[in-house]
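For the numbers below, each heavy atom of this structure counts, side chains included, while hydrogens, waters and symmetry mates do not. In what follows, every chain begins at residue 1, and chains take the letters A, B, ... in the order their sequences are listed.
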Amino acid sequence: MRIHVYVTPKKTVLDPQGQTIRRALNSMGHPEIENVRQGKFFEVEVSDKLSPEQATEVLKKISEEVLSNPVIEEYRVEIAR
Amino acid sequence: MRFVVVVFPGSNCDHDAWYATSRNLGHEAQYLWHHDTDLKGSDCVILPGGFSYGDYLRCGAIAKFSPIMAAVKRFAADGGLVFGICNGFQILTECGLLPGVLVRNRGLRFICKDVLLTAATRNSPFTNEIPAGAKMRMPIAHGEGCYTADERTLDELEADDRIAFRYVENPNGSMRDIAGVLSAGRNVLGMMPHPERATEPLVGSTDGLAVFRSLVSACSAAK
């Protein structure tokens, strides 16, 4: 089973990388781009012995403890179809 | 006084910390590998600067799972002196021994230069020998040095006198000009500037010595 984890900076945290990318996109002819926030994407293979619910719980725990830093980041866990 | 310097894969200021404490100040200092689990009766554990585990995932995020860190956490909980410099500071925030987090510098660039900082409190084992108001010159060398925490945490740090160092001119966007913070027990310090790289006239500054001298006097007072 394949699970996707998205880690993104919290809305309240300044994201200078995202801002720089947004400015670059604006200057290369995309004035319609109003905001960019940069995060991380993890593709995780989990044993099929686990139910999707169990796997999601495991990944939530891992995301909380390792993949994200809850001080500045939030995460989303999705089962890949 | 007995110092130990923890060496992670990717540490690169470990020798500077060893030199500052042993050759320079004449105390006992030894290296410990990150797989060690015994702190060898040390009085102070130094987590040095560098790029532990290649800064993979986030700075300091992998180092917190090193075998040695469980021993460091127990040592800190018992009141032992733990001193994280640069990457060491990042490790201490990742493993929860210090609040907040170090994020990418406001200007996005890696900054490598001398800065001026002041001790924001003299009430700590790391700052007791630093003259009040003295401007100390030390190098910084980091890409992720922007100290970030929520407003409540910052207010608490100020109310509890736990901000150890402040930048005179903020180089990286750190909230409230914070360059170093103390734990609630005041026995754990993390700072981004490098006092261990400012202990010899040859390298341009000896202002960092005051931090190590503070540790020595705190340790001898406790014995």
Side-chain angles (χ1 to χ4, degrees), chain A residues 2-28 30-31 33-47 55-80, chain B residues 52-66 69-70 73 87 89-111 142-157 170-178 181 183 190:
Chain A
R2 183 170 292 171
I3 299 200
H4 291 168
V5 180
Y6 301 83
V7 175
T8 47
K10 282 183 183 172
K11 296 280 178 284
T12 51
V13 172
L14 186 77
D15 176 18
Q17 295 181 87
Q19 289 181 358
T20 302
I21 295 165
R22 194 258 304 153
R23 279 196 297 272
L25 295 175
N26 291 160
S27 70
M28 63 181 275
H30 288 288
I33 302 299
E34 292 175 351
N35 196 20
V36 176
R37 296 184 74 77
Q38 180 184 331
K40 297 189 182 95
F41 170 65
F42 300 86
E43 206 173 70
V44 186
E45 300 284 347
V46 183
S47 160
T56 304
E57 279 312 303
V58 169
L59 263 296
K60 277 185 178 170
K61 186 167 184 293
I62 290 171
S63 300
E64 191 79 31
E65 291 175 359
V66 187
L67 300 184
S68 78
N69 183 330
V71 178
I72 43 163
E73 294 167 326
E74 52 199 18
Y75 64 87
R76 192 171 85 242
V77 176
E78 285 179 3
I79 295 169
Chain B
S52 59
Y53 301 91
D55 277 353
Y56 289 177
L57 192 60
R58 294 178 306 279
C59 305
I62 308 292
K64 74 174 163 182
F65 299 110
S66 287
M69 286 311 294
K73 278 186 177 176
N87 188 226
F89 186 11
Q90 294 164 339
I91 294 169
L92 289 172
T93 60
E94 275 289 340
C95 72
L97 283 174
L98 291 174
V101 60
L102 285 311
V103 300
R104 182 64 78 91
N105 295 338
R106 181 67 56 94
L108 290 176
R109 288 170 190 266
F110 188 99
I111 308 170
H142 58 242
E144 286 84 6
C146 175
Y147 186 75
T148 303
D150 59 38
E151 288 295 314
R152 208 185 71 187
T153 303
L154 295 168
D155 289 343
E156 277 175 16
L157 286 172
N170 193 334
N172 54 24
S174 287
M175 291 180 168
R176 304 195 191 179
D177 302 329
I178 291 172
V181 297
S183 64

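Between chain B and the options A:V13, A:T12, A:V66, the largest number of non-hydrogen pairs under 4.5 Å is found for A:V66. Annotation: maximal heavy-atom pairing with chain A below 4.5 Å, among B:E94, B:K64, B:R58, occurs at B:R58.
The six-membered or imidazole ring of B:F110 lies away from that of B:H142, with a centre-to-centre distance of 6.0 Å or more.
Sparse packing is recorded around NZ of A:K60, with 12 or fewer heavy atoms of other residues, nucleotides or ligands lying under 6.0 Å away. More than 12 heavy atoms of other shown residues, nucleotides or ligands fall within 6.0 angstrom of atom CD in A:E45.
In this structure, A:E57 does not pair ionically with A:K61, as no charged nitrogen and carboxylate oxygen lie closer than 4.0 Å.
Only the side chain of B:L108 has a heavy atom closer than 4.5 Å to any heavy atom of chain A. For chain B, no part of A:Q19 is nearby; none of its heavy atoms comes within less than 4.5 Å. Only the backbone of B:N105 comes within contact range of chain A, judged by heavy atoms closer than 4.5 Å. No part of A:V7 comes within reach of chain B, as not one of its non-hydrogen atoms sits under 4.5 angstrom from that chain.
Here the rule is side chain to side chain contact (heavy atoms under 4.5 Å, CB included) with B:Y147, and of B:D177, B:V101, B:L154, B:N172 only B:L154 fits it.
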